[in-house]
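Nothing here was measured: the structure is a model prediction, and the numbers come from that model.
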Amino acid sequence: MKELLTGSEILIRSLIDNGTQCLFGYPGGQIMPVYDKLYDYSDRLRHYLARHEQGAIHAAEGYARATGRTGVVTATSGPGAMNLLTGLADALMDSTPVVAVTGQVGSSMLGKDAFQESDVISSVLPVTKWAVQVRRAEDIAPAVARAFYIANSGRPGPVVIDLARDAQVGTAEYEKLEAPFIRSYDSDPHPAEGALEETARLLNEAERPLILAGHGISISGAQDVLAAIVGKGEIPVACTMLGLSCIPSGHPQYVGMLGMHGNLGPNINTNRADVIVAVGMRFDDRVTGDLTKYAPDARIVHIDIDASEFDKMVKADVHVHCDARKALEAILPMLDEADRREWRESFDRHREVEEERVMARELAVAAPGGKMLMGGVVRKVCEAFDDNAVIVTDVGQNQMFAVKYSRFNLPDSLISSGGLGTMGYGLPAAIGAKIGVPHRDVVLFVGDGGLQMTIEELGMIMEYGIDVKIVLLNNNFLGNVRQWQHLFFNGRFSSTPMTNPDFKMLAAAYGIAGADVADASALDAAIAEMRKCPGAYLLNVNIDETDMVFPMTPGGNGVDEILLDESQYYKPR
């Protein structure tokens with residue numbers, strides 16, 4: 001049944017009909033008609049007021065990553081819309097489904113430099129899957145239906161709907177619309193004939209196969225079939241950073257994380273493997289290192305839903321253009337059972353070296369001077385939550401230590417900014433994640449630099465009582481940049497030392513409990529107090545500023561040319 005509604009009400013009804021339960025945003029002049037109608041739907045559509053539009057879109061990203069549903073963000077025209085750009089770029093790089101609705105000046109004022117006008121569509125096209133400007137009320141419902149379909153199908157990503165003011169205040173008939181057919185958009189591609197069979201054949205004949213599991217495993221819900229494949233074929237599986245938690249950390253075939261700060265075993269054995277099957281990952285430069293030295297002995301299979309990733313970085317022998325779950329389900333019955341114990345144990349030998357030469361120092365928790373080390377703090381926090389929490393990180397050393405020293409029992413347990421590496425992402429993303437999965441513990445690891453980029457979102461925690469545990473790994477430095485300055489710029493710490501505020505006092509101003517920990521002897525009790533606190537908590541931990549993330553493959557090196565410390569390369573026997 002059709003109803004005559006204003007464009008603003010059509011937008012809200014369309015959001016609800018497309019499954020939206022909450023949205024994050026910030027009101028302003030050119031989106032006020034939408035906010036006025038939102039007032040009437042507060043029982044069906046919960047709005048969370050961010051303190052900055054960038055915080056709103058990162059919260060929408062965290063919500064989407066935690067739930068698999070499309071995150072929704074709203075902003076006004078001009079500066080409001082422009083403040084979403086970083087989050088849109090972040091969502092595009094990390095395949096996160098987000099629909100952003102921006103207000104816009106009236107159609108008659110477009111292009112005339114009206115107050116708070118900006119060319120939103122031209123600005124966002126490079127960082128979105130699709131963007132559209134709507135100038136008539138009758139075009140809103142079709143635009144919303146198309147936006148949700150594009151955002152969360154195929155390879156997910158962000159979409160923008162720019163709503164002119166006359167579209168918001170005009171009237172039109174409304175009825176619920178189903179997902180549209182888009183002639184030029186194939187959201188469910190099918191692999192070329194023989195590609196799946198060739199993949200199975202290569203795996204069956206391989207002596208040293210390796211599966212590289214990326215974020216696409218989690219997006220497609222392929223965690224169980226991945227575990228079945230690596231178990232049946234006794235195939236080692238390594239994860240990209242965003243692929244972490246797609247297989248339990250304790251799974252017998254899981255061999256660690258790939259990449260610049262990944263584990264020794266998977267990085268060394270990438271260049272020893274005879275077959276590599278990459279699933280739902282894009283061969284990021286942080287994973288491959290020097291491409292001329294990458295996987296020289298391997299036949300490579302690339303499984304991805306986005307054909308633009310094929311041969312973009314690494315030339316593959318077989319392309320499987322398909323949803324990850326569908327591809328793996330088809331391969332599983334064609335896969336032979338195998339005994340590859342010797343190949344699997346070769347990863348363990350590298351792991352033992354890493355545990356002895358690198359991890360033992362971090363897991364001691366404290367440096368000789370008494371200041372704490374990030375890896376040991378991360379491990380203790382995660383163990384306090386039984387390795388079942390959703391781990392959210394910011395970007396920098398805190399991120400690398402968090403992903404390396406966390407252990408994951410449950411799927412969909414890591415939320416981090418991967419491709420864009422956005423400092424300030426962590427706090428609002430953790431807020432969105434907790435809103436999306438309120439039944440799970442959410443723990444944020446963040447550095448003192450990244451926290452201060454979006455620290456205003458403590459206000460969102462205060463207003464809505466969001467139970468996020470914040471572990472501030474505070475070294476009074478921009479730690480990751482400091483590490484590079486120490487290793488590659490002769491220790492010239494240009495603009496990286498930081499004079500910081502009293503973070504515990506700042507948290508208290510927002511009604512958030514907290515504690516400062518300056519000595520390792522007090523750490524266990526502080527973590528226990530945070531764990532039992534019924535609401536949000538900020539644990540400010542005094543970290544040794546000289547702590548550095550190792551192993552490390554410096555830029556320009558081959559993936560197996562790895563520093564164990566600041567001067568010594570790993571030389572496997």
Non-neighbouring partners of Val353 that pass side chain to side chain contact (heavy atoms under 4.5 Å, CB included), sequence neighbours left out:
Leu264, Arg357, Tyr570
Shortest non-hydrogen separation from Ile415 to Ala433 and the atoms involved:
CD1-CB, 3.6 Å
For Lys380, give me all partners under salt bridge (charged side-chain N to carboxylate O under 4.0 Å, His left out), at least two apart in sequence or on another chain.
Asp524
Does some side-chain heavy atom of Ile217 sit less than 4.5 Å from a side-chain heavy atom of Leu328?
yes
Quick check: do Leu564 and Val358 have side-chain heavy atoms less than 4.5 Å from each other?
yes
Of all heavy-atom pairs between Asp94 and Ser416, which one has the smallest distance, and what is that distance?
OD2-O, 3.6 Å
Given side-chain contact (heavy atoms from CB on, under 4.5 Å), test Val541 with Asn474 step by step and report yes or no.
CA-CA 6 Å; Val541 184; Asn474 185 357; over 6 Å; no
Sorted by chain and number, sequence neighbours left out, ring pair (Phe, Tyr, Trp, His ring centres under 6.0 Å) with Tyr569 holds for none
Answer yes if the side chains of Thr393 and Asn398 hold a donor-acceptor pair under 3.5 Å, and no otherwise.
no
Residue pairs passing the ring-ring contact (aromatic ring centres under 6.0 Å, His included) test with at least one member in residues 234-278, sequence neighbours excluded, are none
Reported CD1-to-CD1 distance for the pair Ile268 and Ile562, which is rounded to 0.5 angstrom
4.0 Å
How would you list, by chain and number, every residue that makes a salt bridge (charged side-chain N to carboxylate O under 4.0 Å, His left out) with Asp336, sequence neighbours excluded?
none
Given the rule in the side-chain contact (heavy atoms from CB on, under 4.5 Å) test, do Leu212 and Leu210 qualify, once you have shown the distances and angles that lead to the verdict?
CA-CA 7 Å; Leu212 312 184; Leu210 177 61; 3.8 Å; yes
Taking salt bridge (charged side-chain N to carboxylate O under 4.0 Å, His left out) as the test, write out the residues that go with Arg407, two or more places apart.
none
Which residues pass the salt bridge (charged side-chain N to carboxylate O under 4.0 Å, His left out) test with Arg344, sequence neighbours left out?
Asp348
Taking the side chain as everything from C-beta on, heavy atoms only, tell me whether Leu414 gets closer than 4.5 Å to Arg65.
no
Can you name the side chain to side chain contact (heavy atoms under 4.5 Å, CB included) partners of Lys315, sequence neighbours left out?
Asp311
Between CD1 on residue Ile219 and OG1 on residue Thr96, distance to nearest 0.5 Å:
7.0 Å
When you look at Arg299 and Asp274, which way does the side-chain contact (heavy atoms from CB on, under 4.5 Å) test go after all the steps?
CA-CA 6 Å; Arg299 301 288 300 279; Asp274 58 4; over 6 Å; no
Are Val446 and Leu427 close enough that some pair of their side-chain heavy atoms sits under 4.5 Å apart?
no
Give the minimum heavy-atom separation between Asp394 and Met423, together with the two atoms involved.
OD2-CA, 3.5 Å
Looking at OH of Tyr48 and CD1 of Ile431, how far apart are the two atoms once the value is rounded to the nearest 0.5 Å?
11.0 Å
CG/Asp297 to CZ/Arg272 distance, rounded to the nearest 0.5 angstrom?
8.5 Å
I'd like a table of donor-acceptor pairs (distance under 3.5 Å, sequence neighbours excluded) in which one partner is a side-chain atom from residues 437-444, with atom names and distances.
unit_1: Arg440; atom_1: NH1; unit_2: Pro411; atom_2: O; d: 3.3
unit_1: Arg440; atom_1: NH1; unit_2: Asp412; atom_2: O; d: 3.4
unit_1: Arg440; atom_1: NH2; unit_2: Asn388; atom_2: O; d: 2.9
unit_1: Arg440; atom_1: NH2; unit_2: Ser413; atom_2: OG; d: 2.8

Val378 vs Leu473 side-chain heavy atoms within contact, under 4.5 Å
yes
Listed partners of Tyr149 passing ring pair (Phe, Tyr, Trp, His ring centres under 6.0 Å), at least two apart
Tyr185
With the side chain counted from C-beta on, respond yes when Arg340 and Pro209 share a heavy-atom pair under 4.5 Å apart, and no when they do not.
yes
Got a sec, which residues hit ring pair (Phe, Tyr, Trp, His ring centres under 6.0 Å) with Tyr63, two or more places apart in sequence or on another chain?
none
Return yes when atom CD of Glu207 has more than 12 non-hydrogen atoms of other residues, nucleotides or ligands closer than 6.0 Å, and no otherwise.
no
How long is the gap from CG on Leu196 to NZ on Lys326, to the nearest 0.5 Å?
12.0 Å
With distance as the sole criterion, is a donor-acceptor pair present between the side chains of Asn409 and Asp387 under 3.5 Å?
no
Can you tell me if CD on Glu345 sees more than 12 non-hydrogen neighbours from other groups inside 6.0 Å?
yes
Full working for side-chain contact (heavy atoms from CB on, under 4.5 Å) between Ser95 and Arg155:
CA-CA 6 Å; Ser95 306; Arg155 180 178 179 175; 2.9 Å; yes
Show the nearest heavy-atom pair for residues Ile300 and Ala295, with the distance to one decimal.
CD1-CB, 4.3 Å
Minimum heavy-atom distance Asn475-Gln397, with the two atoms named
ND2-OE1, 3.4 Å
Roughly how far, to the nearest 0.5 Å, is CD1 of Ile211 from CD1 of Ile276?
11.0 Å
Contact summary for Ala316 and His302, nearest pair of heavy atoms:
CB-CB, 3.9 Å
Regarding Asn18 and Thr20, is there a side-chain donor-to-acceptor distance under 3.5 Å anywhere?
no
What about the rings of Phe401 and Phe445, do their centers lie closer together than 6.0 Å?
no
Atom CZ of residue position Arg286 - does it have more than 12 heavy atoms of other residues, nucleotides or ligands inside 6.0 Å?
no
Would a 4.5 Å heavy-atom cut-off, applied to side chains only, mark Thr70 and Val98 as touching?
no
Is there side-chain contact between Leu202 and Val301, with at least one heavy-atom pair below 4.5 Å?
yes
By ring pair (Phe, Tyr, Trp, His ring centres under 6.0 Å), which residues pair with Tyr425, not counting sequence neighbours?
His58
